[in-house]
Number of protein chains: 2
Amino acid sequence: MGRSRTVAGVAGVRERILAAATELFAEQGYAATSVQQVVDRAGVTKGGLYHYFGAKEDLLIEMYRAVFGERLAALDRIVGQGRDPEWTLRAIIDDIVVGTAAMIKESAAVSRELAAMDNERTQRLQADWRRYQETVRGLIRDAQEAGVFAAVASPEIVSWSIFGVTNSLHTWYRPDGPKPAAAIAEELADLVLTGLRA
Amino acid sequence: MGRSRTVAGVAGVRERILAAATELFAEQGYAATSVQQVVDRAGVTKGGLYHYFGAKEDLLIEMYRAVFGERLAALDRIVGQGRDPEWTLRAIIDDIVVGTAAMIKESAAVSRELAAMDNERTQRLQADWRRYQETVRGLIRDAQEAGVFAAVASPEIVSWSIFGVTNSLHTWYRPDGPKPAAAIAEELADLVLTGLRA
DNA sequence: CTGTCAATACCGACCGGTTGGTATGTTGTC
DNA sequence: GACAACATACCAACCGGTCGGTATTGACAG
């Protein structure tokens, strides 16, 4: 008889584990979630989890990669087009807001635990994130020096007013809410770019 | 012999415990910090901690109150003056940025753990925070309807671009850094209010 | 088409260590 | 000698992680 689950299961076991971990980390935080809770929600056992993942931390790292990997690739595509600062900044805001909203649970889990993760495994990922921010700040700085953007606020403040929204997006954005992510992105871009109008 | 610490200690034991907990929670997060770590850093034992606090959670609640209590009182004072929206919003931004910066460690601990705390003890505090946000949004909405502020972005987005900065302030603000909190507040207010200029 | 065999997928009992919390001192002060 | 202010010793529960085992699968041989 047996079970032949590999074919019959609704989704791959690995994916179920990751999905369960994502929900729980987003709800309770990483440290407050036990491996037992994860496997219970995923419908597997600890043996199964440790068959696919080397450690509990690997689950977080995987989410981290999912969130930042796509965003970083999109950033390079947008900047690579070489268009004017206003278009570029608007495209970046749109991508990060819509992209974050599309992975809102992963973002919630990651953004909360980001500061606490300070071992060598995550330094590469944090360096990626820093590069993202530096790119945006550099873009704003260059445009301000060229007189395209007004120097009403420093590049640091402008970039943080953007990232601050995406970092806290999970506390108020609802996928089934009245305002779609694209609308949020547009309003934020309008607000920031009006403020920066030379 | 004995120790007669009550008088000789550099600071009250209760304050030392709270300060140690604040630092550790800000660095590692609440759940990842053990009571043993707190008492070690504070230079006391667990018996001492549980003499002053009923539970580990009480430490977080105390920080929560310290952060939001002052802010909420200041909000009422500012709004109570009945001045024009531009002055009022600028005063609010200045107070929340400078106030958050002044308690940056407490803010880091609280802002990270806020979403995960969902028991009945914290609902009152979360209600206070929601009232704060609602006040700011209402202020913006009224001013936009009166034509004083431009409707370039909805009150929700504007308020979140402000709170997003303060929520993530702990990730980049340094008390001994080159930019004082008051300057950050002014730039943020300039950016937002320029965007809202009718 | 069937038998063999190694690899993969997964289970569930178990491990040493740590957790938040407590019960019981001990000590100085009024 | 009552009481606040702590220290010390200790507990049951739970933690992340391991391990020996088993069911299932796929490749290959004949």
Side-chain angles (χ1 to χ4, degrees), chain A residues 1-25 27-63 109 113 116-119 121-122, chain B residues 1-25 27-63 109 113 116-119 121-122:
Chain A
M1 214 200 258
R3 308 189 300 98
S4 111
R5 173 58 67 83
T6 308
V7 172
V10 270
V13 171
R14 200 188 132 94
E15 283 68 33
R16 286 217 314 278
I17 292 171
L18 218 39
T22 301
E23 286 178 20
L24 286 163
F25 290 177
E27 289 167 14
Q28 313 174 334
Y30 170 75
T33 301
S34 70
V35 174
Q36 193 61 52
Q37 283 182 291
V38 174
V39 300
D40 283 351
R41 181 171 297 204
V44 293
T45 59
K46 278 213 273 195
L49 187 146
Y50 280 98
H51 173 67
Y52 288 105
F53 301 94
K56 181 190 179 188
E57 205 187 50
D58 290 3
L59 297 164
L60 239 194
I61 304 257
E62 194 113 345
M63 295 175 208
E113 238 64 47
M117 299 176 67
D118 200 20
N119 53 44
R121 296 192 57 194
T122 56
Chain B
M1 213 195 263
R3 309 190 300 96
S4 108
R5 172 61 65 83
T6 308
V7 172
V10 270
V13 171
R14 199 188 133 93
E15 282 68 33
R16 285 218 315 277
I17 292 171
L18 217 40
T22 301
E23 286 178 21
L24 286 163
F25 292 177
E27 290 167 16
Q28 314 174 334
Y30 170 75
T33 301
S34 70
V35 174
Q36 193 60 51
Q37 283 182 291
V38 174
V39 299
D40 284 351
R41 183 172 296 205
V44 293
T45 58
K46 281 213 271 194
L49 187 147
Y50 280 97
H51 173 70
Y52 287 105
F53 301 94
K56 181 189 179 189
E57 207 188 48
D58 290 3
L59 296 165
L60 239 194
I61 305 256
E62 194 109 347
M63 296 174 208
E113 239 64 48
M117 299 177 67
D118 202 19
N119 54 43
R121 297 192 57 193
T122 56

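In what follows, chains are A, B, ... by sequence order, proteins preceding strands, each numbered from 1.
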Once you round to the nearest 0.5 Å, how far does CZ of B:R14 lie from CG of B:L49?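 Atom-to-atom, B:R14:CZ and B:L49:CG are 10.0 Å apart.
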Only pairs at least two apart or in different chains count here, so list each salt bridge (charged side-chain N to carboxylate O under 4.0 Å, His left out) that has a residue in residues 32-44 of chain B.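 Output for this query lists B:E23-B:R41, B:E27-B:R41.
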Which heavy atom of [X] sits nearest to which heavy atom of [Y], and what is that distance?
| X | Y | answer |
| --- | --- | --- |
| A:T33 | A:L24 | OG1-O, 3.4 Å |
| B:E62 | B:L18 | CG-CD2, 3.7 Å |
| B:Q36 | B:V39 | O-CG2, 3.1 Å |

What is the distance, to the nearest angstrom, from the [atom1] atom on [X] to the [atom2] atom on [N]?
| X | N | atom1 | atom2 | result |
| --- | --- | --- | --- | --- |
| B:R14 | D:dA4 | CZ | P | 16 Å |
| B:Q36 | C:dG17 | CD | P | 16 Å |
| B:E15 | D:dA5 | CD | C1' | 14 Å |
| B:D40 | D:dC6 | CG | P | 17 Å |

Is there a donor and acceptor pair, one atom on the side chain of A:K46 and one on the base of C:dG12, closer than 3.5 Å? no
Should A:S34 be listed as having a side-chain N or O under 4.0 Å from OP1 or OP2 of D:dC15? yes
Which ones in residues 50-57 of chain B lie close to DNA chain C, meaning a heavy atom under 4.0 Å from one of its atoms?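 Per residue number, the list reads B:Y50, B:A55, B:K56.
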Taking only residues at least two apart or on different chains, which pairs with a member in residues 44-54 of chain B satisfy side-chain hydrogen bond (donor to acceptor under 3.5 Å, both in side chains)?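 Checked against side-chain hydrogen bond (donor to acceptor under 3.5 Å, both in side chains) - neighbours excluded - no pair reaches residues 44-54 of chain B.
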